[in-house]
**Q** 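Submitted below is the structure of interest, expressed as structure tokens.
No hydrogens, no waters, no symmetry mates; every other heavy atom, side chains included, goes into these values. Predicted model, so just to flag it, every value in this text is computed and none were measured. Lettering follows sequence order; numbering is per chain, from 1.
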There are 2 protein chains.
Amino acid sequence: MSEVESFFKSAFSVDNVIFGFDGGDLKVLLIQRGAAPYKGKWALPGDLVYPNEDLDTAAERVLEQLTGLRGVYLEQVKAFGAVDRHPLGRVITIAYFSLIKISDYTVTPASFAQSAKWHAVNKVVELAFDHNEILDSCLRRLRRKVRMTPIGFELLPPKFTLTELQHLYEAILIQPKDKKGKNGNKGIDKRNFRKKILSTNLLHDLNEVQEGVAHRPAKLYQFDRSKYEQLVAEGYSFDI
Amino acid sequence: MSEVESFFKSAFSVDNVIFGFDGGDLKVLLIQRGAAPYKGKWALPGDLVYPNEDLDTAAERVLEQLTGLRGVYLEQVKAFGAVDRHPLGRVITIAYFSLIKISDYTVTPASFAQSAKWHAVNKVVELAFDHNEILDSCLRRLRRKVRMTPIGFELLPPKFTLTELQHLYEAILIQPKDKKGKNGNKGIDKRNFRKKILSTNLLHDLNEVQEGVAHRPAKLYQFDRSKYEQLVAEGYSFDI
DNA sequence: CAAGCTTATTGTTTTTTTTACACCAAACCC
DNA sequence: GGGTTTGGTGTAAAAAAAACAATAAGCTTG
């Protein structure tokens with residue numbers, strides 16, 4: 001390792017916690033490492049930052065190389081820099097999380113040989129490096145942020161039902177506390193949730209309904225981003 | 001610059017926004033740079049991270065070298081890594097903020113030749129590098145955090161009055177919006193503030209009063225940290 | 001096509017939290 | 001002892017949050 005170490009003295013990287021929602025669980029996109037260290041382990045997608053590249057740009061690049069997506073929600077969380085966090089040298093990493101519509105991600109583009117796969121965040125295994133810790137930080141950040149800003153919609157298709165939206169909030173906010181038995185996590189009250197979310201006036205009723213469901217079809221809504229931005233300019237603050 | 005540039009390729013630093021409270025204004029401790037770049041400009045205290053030093057440790061070191069203080073409140077905020085943020089090379093910096101009791105900071109210890117000085121956060125001038133942006137981020141973080149966790153007490157002496165505590169919250173939370181004229185920033189209602197803060201039961205009434213004031217002396221209180229930690233263990237969440 | 005199944009939709013009441021608001025008390029100064 | 005200054009207190013109205021259950025709409029099945 002020593003000749004590697006002398007070459008590879010100090011560097012910085014970005015790691016990206018890419019969240020998605022499949023209607024039931026909150027998921028995170030992980031890659032299986034094809035090379036040492038931690039070969040075979042699941043890890044967050046990430047890369048070293050290029051010498052002339054901003055941190056945000058590097059995070060966008062990692063995201064695009066893996067998913068082909070651009071212009072999606074991306075937020076820096078914090079830096080992780082424990083001396084021994086990387087076995088081959090001093091590498092501090094800047095953690096980001098991004099929110100994508102899971103249906104926009106099809107299969108791994110050709111450019112990435114590694115196998116990438118969605119994992120339910122509640123069932124994530126042991127990851128490479130300090131990536132479990134990074135994931136935890138990003139998840140906590142998401143839990144806080146999703147109640148203060150309307151970023152939840154980034155995880156849903158453009159048209160969605162109120163039930164889907166509620167399930168999204170439940171998947172993000174309700175953590176499995178008690179292992180089993182009667183836990184206090186009842187879920188969100190349906191009537192109160194709908195009342196609250198509709199009272200923001202940020203959902204546009206499309207006058208369309210679901211199709212192909214074996215029960216009463218639900219109405220479809222769309223998030224009205226321009227209205228939100230206008231309200232923010234007037235001092236409005238989203239809060240769910 | 002080119003020979004410097006080739007030597008000084010890429011590095012990381014920490015910068016520390018050290019907050020204090022003098023009874024009236026929220027302050028930040030700045031140093032005046034004694035060397036290029038930005039010689040003579042005010043800047044946040046910071047330093048390069050040593051090769052075998054954790055990021056948190058580096059931030060603690062910067063704080064201790066400047067103030068002589070250890071074991072004070074310190075929190076990482078985020079990384080700043082624009083390509084051109086440092087004129088001499090690629091340096092990304094990890095921003096921290098810390099909260100100290102302003103009376104614990106006497107004068108610059110001998111180890112630091114630079115002149116360090118408290119500046120009211122509302123009147124901070126143009127700083128070196130991207131330090132204004134870093135300060136803004138840390139201030140926003142403090143504003144959010146001070147309402148969610150009882151960190152405000154870190155800025156007050158061990159014994160304080162409710163009026164002092166209220167002034168602290170006002171100094172942190174009320175931002176001077178409208179330049180002049182009738183702004184909407186009325187300040188916090190005294191009765192409601194006292195009701196709310198006392199209802200947490202986290203303030204211990206010391207049965208002592210102020211001395212040497214030319215008016216009715218106020219009662220002194222102390223923050224009960226052990227009670228807070230016990231309540232947190234039971235699921236309590238501070239909220240002001 | 002009727003009965004049954006599944007999910008969607010809706011309103012009221014109670015409780016809790018937040019806001020608004022004004023007067024007397026205590027110490028010092030002169 | 002009267003004036004000045006800051007400390008300390010309660011109540012009522014408004015707003016927000018929480019608790020709670022019956023009917024509606026479409027599909028499936030017999």
Side-chain angles (χ1 to χ4, degrees), chain A residues 22-24 146-148 156-157 159-171 173-174 182-222 231 235-240, chain B residues 22-24 147-148 156-157 159-171 173-174 182-222 235-240:
Chain A
D22 69 353
V146 79
R147 297 196 299 151
M148 289 171 32
L156 290 177
K159 301 178 181 185
F160 51 85
T161 70
L162 294 184
T163 300
E164 286 166 352
L165 183 61
Q166 179 172 351
H167 287 165
L168 170 65
Y169 274 90
E170 288 172 343
L173 295 175
I174 299 179
K182 295 127 193 167
N183 58 2
N185 300 322
K186 290 295 176 198
I188 304 173
D189 181 275
K190 186 163 46 159
R191 276 177 288 190
N192 292 338
F193 178 79
R194 295 162 91 96
K195 211 184 311 175
K196 198 163 179 182
I197 200 81
L198 288 177
S199 74
T200 65
N201 275 94
L202 291 172
L203 293 197
H204 180 221
D205 182 343
L206 290 166
N207 290 317
E208 293 176 54
V209 294
Q210 281 179 308
E211 282 176 24
V213 289
H215 54 77
R216 175 176 180 175
K219 301 210 289 188
L220 292 170
Y221 293 85
Q222 195 170 29
L231 285 176
Y236 169 78
S237 176
F238 184 86
D239 176 41
I240 270 302
Chain B
D22 69 354
R147 297 195 300 150
M148 288 171 33
L156 290 176
K159 301 176 180 186
F160 52 84
T161 71
L162 294 184
T163 301
E164 287 166 352
L165 183 62
Q166 180 172 348
H167 287 164
L168 170 65
Y169 274 90
E170 288 172 343
L173 295 175
I174 299 179
K182 297 128 193 166
N183 58 3
N185 301 322
K186 290 297 175 199
I188 304 173
D189 181 275
K190 184 165 47 157
R191 277 179 288 191
N192 292 338
F193 177 79
R194 296 161 92 94
K195 209 185 313 174
K196 199 163 178 183
I197 199 82
L198 288 176
S199 74
T200 66
N201 275 93
L202 291 172
L203 293 196
H204 180 220
D205 182 343
L206 290 165
N207 291 316
E208 292 176 55
V209 294
Q210 281 180 309
E211 281 175 24
V213 290
H215 53 77
R216 174 176 180 175
K219 301 211 288 187
L220 292 171
Y221 292 85
Q222 195 170 28
Y236 169 78
S237 175
F238 184 86
D239 176 41
I240 270 300

**Q** As an exercise, state the distance from CD of Q166(B) to OG1 of T163(B), rounded to the nearest 0.5 Å.
**A**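 Nearest 0.5 Å value for the CD-OG1 distance: 6.5 Å.
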**Q** Supply the atom-to-atom distance L168(B) CG to L156(B) CG, rounded to the nearest 0.5 angstrom.
**A**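 With rounding to 0.5 Å, CG (L168(B)) is 5.0 Å from CG (L156(B)).
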**Q** Report yes if the side chains of E208(A) and Q222(A) come closer than 4.5 Å at any heavy-atom pair, otherwise no.
**A**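 Side chain of E208(A) against side chain of Q222(A), heavy atoms only: no contact under 4.5 Å found.
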**Q** Starting at the 5' end of DNA chain D, which residue's closest nucleotide do you reach first, A214(A) or D189(A)?
**A**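 Nearest nucleotide further toward 5': that of D189(A).
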**Q** When you get a sec, tell me which of dT6(D), dG26(D), dG8(D) is the closest nucleotide to the side chain of A218(B)?
**A**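 That would be dG8(D).
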**Q** Hey, is the side chain of R216(A) pairing donor to acceptor with the base of dC27(D) inside 3.5 Å?
**A**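 By the distance-only test, no, there is no pair.
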**Q** Measure from CD1 on I240(B) to P on dT19(C) and round the result to the nearest Å.
**A**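 Checked: the CD1 to P distance equals 12 Å.
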**Q** Any non-hydrogen side-chain atom of D205(B) less than 4.5 Å from a side-chain atom of L198(B)?
**A**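 SC-SC contact between D205(B) and L198(B) ruled out.
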**Q** Could you tell me the separation between the CG atom of L165(A) and the P atom of dT9(C), rounded to a whole number of Å?
**A**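 Taking CG of L165(A) and P of dT9(C), I get 12 Å after rounding.
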**Q** Taking atom types as they are modelled, is there a donor-acceptor pair under 3.5 Å from the base of dA20(C) to the side chain of R191(B)?
**A**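 Side chain to base: no pair present.
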**Q** Does OP1 or OP2 of dT10(C) have a side-chain N or O of R194(A) closer than 4.0 Å?
**A**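 For R194(A), the contact criterion (side-chain N or O under 4.0 Å from OP1 or OP2 of dT10(C)) is not met.
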**Q** What nucleotide, of dA18(D), dG26(D), dT6(D), holds the atom closest to the side chain of N192(A)?
**A**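 Of all the options, the side chain of N192(A) is nearest to dA18(D).
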**Q** From dA17(D), dA20(C), dG26(D), pick the nucleotide closest to the side chain of K195(B)?
**A**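 The answer is dA20(C), which lies nearest to the side chain.
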**Q** Could you state the atom-to-atom distance from CD1 of I188(B) to P of dT18(C) in whole Å?
**A**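 My rounded result for the distance is 13 Å.
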**Q** Do the side chain of K190(A) and the base of dT9(C) come within less than 3.5 angstrom through a donor-acceptor pair of N or O atoms?
**A**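 Flag set: donor-acceptor pair detected.
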